[in-house]
> 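Sharing a structure with you now.
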Amino acid sequence: MWQQELTWFFALFHHEFRKGKRLAFEVLMILAWAHFFGFYNPKQLADFLDIPHQKLYTQLKYWSTYYLKEMLIRFMVKQAVEHLKPVLNKSAATQSRAGMTLSIDNSVMDRFGKLLRCTWSWFSGRHHKTTRGQYLLGVVLTINHIALPLHLLFCPKQGRYNTNKADLFIFMLSRLKAEFQHENIDLTKIPLTMDSWFVSQPLRERLHCLGFTKIIIAGKSNYTFTIDGNKQDAAQWKKALVLHAPTWGIDVPSCRVRAHSQTFGSITLFFFQKSTTRSYYLMNFSQVSMRGAEIWHIWKQHHLIECFWKILKSIFHIRAMQLLGNGLYTALLIKVFA
């Protein structure tokens, strides 16, 4: 199995990067595989192999940051295409059962170093406080209960271009849309799911301009909506609305209502209750109206990106890794275990 997976990476590299440095790429691959054995940077691996670490760095200097980013995106897109094309050639019902969604989420990786790239103070949902680390924004394709990373980007707080998360997000989707067009796949046909941080009318309009028509986003409790002439915030609506028992296509108590907001205008809200008895709601930012079952079917896939972050952080000891090799290691793991 390992020989087959290595062949896939090297064949793709030679096809996409005909002028690339083969030795530099081989060193990157070795560093990625070394993660399996607990070596997270070139110095650790060189010490274990009893070779001068300068030899590894000498080869790596021929590989630019641009080529590294391009390589990671090409690898991720190619893996996704292999899963997408067999499904897209089938009926609409089969595509629906595959549960294709583009999930967008962020994660903070704890870092203690002061010289690492993009290391600042960020709010961490895991720690429920501000912590020092790297803020990673990710776009993940979910299909047939598999999470395939498409784009991972470290968010900066300083710089002259794209320093806010909304601009970075639009940049990532624009790049992915162009890459999939080269493979004759229209990425805008796949629904988007996002958490409540991304709630924004300007961002909604920019996503519509990109061509995305189905967008489901988690709502915040402090937003105010008018329903049947009554105006109050979402936290009060969670208590006031009567949720219907689970029905076909919706396995949780839920309620779909039309509401009006001064910020978002006329909008469809989907309230639901988890097994913990806590209520949540979703906002339909789509350009088309959708039934409650369709909204829930799309949102059910969003938890896979949360599982993706947890697996990378806990099982593979992301905190112990250095920046070099993280993205390639992620692509390698997905290819091997998908």
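As the structure is a computational prediction, the values presented were derived from the model and not from experiment. Counting begins at 1 with the first residue of the sequence.
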> Sub-3.5 Å donor-acceptor pair from the side chain of Ser174 to the main-chain atoms of Ile170, do we have one?
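Judged by distance alone, yes, a pair lies under 3.5 Å.
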> Between Ile73 and His151, is a side-chain contact (heavy atoms from CB on, under 4.5 Å) present by the stated rule, with each step listed?
CA-CA 6 Å; Ile73 291 179; His151 205 317; 3.6 Å; yes
> Salt bridge check, Asp186 against Lys177: does any charged N sit closer than 4.0 Å to a carboxylate O?
no
> In Å and rounded to the nearest 0.5 Å, what is the CG to NE2 distance from Leu282 to His302?
10.0 Å
> So which of Leu152, Leu148, Val81 actually passes side-chain contact (heavy atoms from CB on, under 4.5 Å) with Met76?
Leu152
> In terms of relative ring orientation, are Phe285 and Phe264 parallel, tilted or perpendicular, with 30° and 60° separating the classes?
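Phe285 and Phe264: tilted rings.
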> Distance check, rounded to the nearest 0.5 Å: Leu84 atom CG versus Asn144 atom CG?
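Going from the CG atom of Leu84 to the CG atom of Asn144 covers 9.5 Å.
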> Keeping Glu183 on the side-chain end and Glu179 on the backbone end, is there a donor-acceptor pair under 3.5 Å?
no
> Can Trp237 and Asn230 be counted as having a side-chain donor-acceptor contact under 3.5 angstrom?
no
> I would like to know whether Leu102 and Thr193 meet side-chain contact (heavy atoms from CB on, under 4.5 Å); could you show each step before the answer?
CA-CA 6 Å; Leu102 287 175; Thr193 63; over 6 Å; no
> Between Ser103 and Thr142, do the side chains contain an N or O donor and an N or O acceptor separated by less than 3.5 Å?
no
> Identify the two heavy atoms, one from Leu137 and one from Asp105, that lie closest to each other, and give their separation to 0.1 Å.
CD1-O, 3.6 Å
> Please name the pair of heavy atoms, one in Gly249 and one in Trp296, separated by the smallest distance, quoted to 0.1 Å.
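Gly249 and Trp296 have their closest heavy atoms at O-CD1, 3.6 Å.
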> Closer than 4.0 angstrom, basic N to acidic O: yes or no for Lys78 and Glu82?
no
> Using only atom types and a distance under 3.5 Å, with no angle test, would you say the side chain of Tyr281 pairs donor to acceptor with the backbone of Lys220?
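Side chain of Tyr281 to backbone of Lys220, a donor-acceptor pair under 3.5 Å: yes, one is there.
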> At their closest point, which heavy atom of Phe212 faces which heavy atom of His208, and how far apart are they?
O-CD2, 3.5 Å
> Please test His260 against Ile267 for side-chain contact (heavy atoms from CB on, under 4.5 Å), starting from the C-alpha separation and ending with a verdict.
CA-CA 6 Å; His260 185 272; Ile267 191 171; over 6 Å; no
> Kindly indicate whether the side chain of Ser91, heavy atoms from C-beta on, has any atom under 4.5 Å from the side chain of Gln95.
no
> So, for Ala147 and Val140, which heavy atoms are closest and what is the spacing to 0.1 Å?
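Minimum heavy-atom contact is CB-CG1, 3.7 Å.
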> Do Lys231 and Thr224 pair up side chain to side chain, a donor and an acceptor below 3.5 Å, judged on atom types alone?
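The criterion, which ignores hydrogens and geometry beyond distance, is not satisfied for Thr224 and Lys231.
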> Going through the checks in order, is the side-chain contact (heavy atoms from CB on, under 4.5 Å) test met by Ile190 and Leu141?
CA-CA 9 Å; Ile190 302 177; Leu141 169 70; 4.2 Å; yes
> What I'd like to find out is whether the side chain of Asn284 reaches to under 4.5 Å of the side chain of Phe270, using heavy atoms alone.
no
> On the ring face of Tyr280, is Lys274 found with NZ or CZ under 6.0 Å from the centre and within 45° of the axis?
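Lys274 over Tyr280 ring: yes.
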> Identify whether the distance between the nearest side-chain nitrogen and carboxylate oxygen of Arg206 and Asp167 falls below 4.0 Å.
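Between Asp167 and Arg206 there is a salt bridge, with a charged N closer than 4.0 Å to a carboxylate O.
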> Would a hydrophobic clustering, with Ile, Leu, Val, Met, Phe, Trp and Tyr connected at side-chain separations under 4.5 Å, put Leu176 with Met100?
yes
> List the atom of Ile227, the atom of Ala259, and the distance in Å for their closest heavy-atom pair.
CG1-CB, 3.6 Å
> Please report the shortest heavy-atom distance between Ala98 and Val87, naming the atom on each side.
CB-CG1, 3.8 Å
